[in-house]
Amino acid sequence: MAAVQHFFIRSIPITRNYTAGIYEVEALELVNRLFSEGHETLVMCGGSMMYIDAFCYGLDDFPEVPVQLREHLMECLRDEGVEVLAQQLKELDPVSYEELDLSNGQRVIRALEVSLYTGKPFSSYKTRTFKERDFEIVKVGLERPREELYERINERVLRMMDEGLEAEARSMLPYRDLPALQTVGYREMFEYFDGKYDLDTTVQHIQASTRHYAKRQLTWWRRDASILWQPA
């Protein structure tokens with residue numbers, strides 16, 4: 001962080017409804033400005049599949065959904081858990097069920113609300129019509145042996161707990177229903193605060209959810225033949 005300037009870190013408040021579509025617009029504006037200032041090579045890093053695809057290829061145009069439906073699904077997420085919504089998505093759109101990070105309540109709700117409102121699977125709106133970019137994109141994927149990756153994930157969760165994840169999540173309780181907090185780590189900690197699990201079990205759930213997300217990331221990226229895979 002000290003050696004090179006970073007962007008899109010600590011820049012978006014959790015109260016802002018931020019989407020991959022917004023990111024596509026703002027990230028393109030940023031890189032075009034940086035190129036105009038004389039920078040020849042920029043590095044984009046991270047693992048959020050939808051956001052990277054939005055930047056590289058653009059997003060399809062999805063229908064607008066009534067806010068009342070979204071609020072209803074958010075209530076279901078809070079009261080019944082993401083598993084119930086994911087099962088409903090599996091029935092309506094098995095393709096999205098296989099592709100999405102099912103631990104991310106926001107992503108599940110987005111796919112489910114479109115499927116419910118339109119009567120057509122969310123995945124059917126993905127035409128994969130790639131938008132042209134004015135610059136060359138080279139993708140490099142970093143890989144490790146699966147056992148080593150999972151062990152590092154488990155250790156990272158323990159380190160996050162040591163560095164204050166519980167206190168951080170507790171400070172976010174007033175905002176727990178916001179889309180930005182429907183993610184791995186926060187979701188499990190909120191269930192712990194609700195008394196559903198003890199702390200040790202909660203930590204194990206975070207580790208398992210993170211491993212599952214990493215597996216979905218690998219499955220997603222393996223479909224992209226343009227990625228140059230390198231050992232980490």
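Values below: all heavy atoms of this structure, side chains included; hydrogens, waters and symmetry mates excluded.
- Taking all atoms of both residues into account, the shortest heavy-atom contact from Met50 to Ala20 is CG-CB, 3.8 Å.
- Separation of atoms OG1 (Thr183) and CG (Leu178) is listed at 11.0 Å; rounding is to 0.5 Å.
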Please step through side chain to side chain contact (heavy atoms under 4.5 Å, CB included) for the pair Trp229 and Arg222, ending with a clear verdict. CA-CA 10 Å; Trp229 290 99; Arg222 291 296 182 191; 3.4 Å; yes
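- Counting only heavy atoms from C-beta outward, the side chains of Glu71 and Leu69 never approach each other to under 4.5 Å.
- Once rounded to the nearest 0.5 Å, the distance linking CZ of Arg110 with CZ of Arg70 reads 5.5 Å.
- For residues 114-123, the side-chain hydrogen bond (donor to acceptor under 3.5 Å, both in side chains) pairs, not counting sequence neighbours, are Asp93-Ser123, Thr118-Tyr125.
- You'll find the side chain of Glu99 stays beyond 4.5 Å of the side chain of Thr219, heavy atoms only.
- Across all their heavy atoms, Lys139 and Cys56 have their closest contact at CE-SG, 3.8 Å.
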Would you list the atom pairs, donor with acceptor, under 3.5 Å between side chains in residues 34-48 and any protein atom, with sequence neighbours excluded?
unit_1, atom_1, unit_2, atom_2, d
Ser36, OG, Asn32, O, 3.4
Ser36, OG, Arg33, O, 2.5
Glu37, OE2, Arg33, NH1, 2.9
Ser48, OG, Arg107, NH2, 3.4

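- Evaluation of the ring pair (Phe, Tyr, Trp, His ring centres under 6.0 Å) rule for Tyr192 yields no partner, not counting sequence neighbours.
- Side chains of Phe8 and Glu26 form a contact here, defined as non-hydrogen atoms less than 4.5 Å apart.
- Partners of Lys131 by salt bridge (charged side-chain N to carboxylate O under 4.0 Å, His left out), not counting sequence neighbours, listed by chain and number: Glu24.
- In this structure, Leu181 CG and Ile14 CD1 are separated by 4.5 Å, a value rounded to the nearest 0.5 Å.
- No hydrogens or angles considered: a donor-acceptor pair under 3.5 Å links the side chains of Arg211 and Asn154.
- In the hydrophobic clustering of this structure, Leu102 groups with Val114; members are Ile, Leu, Val, Met, Phe, Trp, Tyr whose side-chain heavy atoms approach within less than 4.5 Å, directly or through other members.
- The two residues Ile153 and Ala214 make their nearest non-hydrogen contact at CD1-CB, 3.7 Å.
- Qualifying ring pair (Phe, Tyr, Trp, His ring centres under 6.0 Å) partners for Tyr186, counting only residues two or more places apart in sequence or in other chains: none.
- In this structure, Val140 and Ile227 have side chains that are not in contact, with every pair of non-hydrogen atoms separated by 4.5 Å or more.
- For Arg216, the salt bridge (charged side-chain N to carboxylate O under 4.0 Å, His left out) test picks out no residue, with sequence neighbours left out.
- Residues meeting the salt bridge (charged side-chain N to carboxylate O under 4.0 Å, His left out) test with Glu148, sequence neighbours left out: Arg144.
- Every residue two or more places apart in sequence or in another chain was checked for a salt bridge (charged side-chain N to carboxylate O under 4.0 Å, His left out) with Arg146, and none qualifies.
- For the 3.5 Å distance criterion, the side chains of Asp53 and Trp220 qualify, holding a donor opposite an acceptor.
- Note that the CD atom of Glu143 and the CD atom of Gln230 stand 8.5 Å from one another [nearest 0.5 Å].
- Of the N and O atoms on the side chains of Gln106 and Tyr18, not one donor lies less than 3.5 Å from an acceptor on the other residue.
- Side-chain atoms of Thr210 and Tyr213, non-hydrogen and from C-beta on, never get closer than 4.5 Å to each other.
- Counting only residues at least two apart or in different chains, salt bridge (Lys or Arg N to Asp or Glu O under 4.0 Å) contacts with residues 188-197 comprise Arg176-Asp194.
- Counting only distance, with no hydrogens or angles, the side chain of Ser171 and the backbone of Glu168 share a donor-acceptor pair below 3.5 Å.
- Under the 30°/60° scheme for interplanar angles, the aromatic rings of Tyr51 and Tyr23 are found to be tilted.
- The CG atom of Leu85 lies 6.0 Å from the CD1 atom of Ile109; values are rounded to the nearest 0.5 Å.
- Atom CZ of Arg152 has 12 or fewer neighbouring heavy atoms from other residues, nucleotides or ligands inside a 6.0 Å radius.
- Here the side chains of Phe55 and Val31 are in contact, with some heavy-atom distance below 4.5 Å.
- Put simply, CZ on Phe122 and CG on Leu89 are 9.0 Å apart, with the number rounded to the nearest 0.5 Å.
- Ala232 and Leu142 get closest at one heavy-atom pair: CB-CB, 4.1 Å.
- Looking only at side-chain heavy atoms (C-beta outward), Gln182 and Arg187 stay at 4.5 Å or farther from each other.
- Leu165 and Tyr175 fall within the same hydrophobic cluster, defined by Ile, Leu, Val, Met, Phe, Trp and Tyr side-chain heavy atoms under 4.5 Å apart, directly or through other members.
- Val184 and Leu218 fall into different hydrophobic clusters, where Ile, Leu, Val, Met, Phe, Trp and Tyr residues are linked whenever their side-chain heavy atoms come under 4.5 Å apart, directly or through other members.
- In the hydrophobic clustering of this structure, Phe193 groups with Val203; members are Ile, Leu, Val, Met, Phe, Trp, Tyr whose side-chain heavy atoms approach within less than 4.5 Å, directly or through other members.
- Phe7 pairs by the ring pair (Phe, Tyr, Trp, His ring centres under 6.0 Å) definition with nothing, not counting sequence neighbours.
- Residue pairs satisfying the side-chain hydrogen bond (donor to acceptor under 3.5 Å, both in side chains) criterion with at least one member in residues 76-91, sequence neighbours excluded, are listed as follows: Arg78-Asp177.
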Show me the side-chain donor-acceptor pairs of residues 155-164 shorter than 3.5 Å, one per line, residues at least two apart or across chains.
none

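- Within 6.0 Å of atom NE2 in His72, 12 or fewer heavy atoms from other residues, nucleotides or ligands are found, so the atom counts as exposed in its surroundings.
- Proximity of Ile137 to Phe135: side-chain heavy atoms (C-beta onward) are separated by under 4.5 Å at one or more points.
- Cluster membership for Met172 and Leu199, using ILVMFWY side-chain heavy atoms within less than 4.5 angstrom, is shared.
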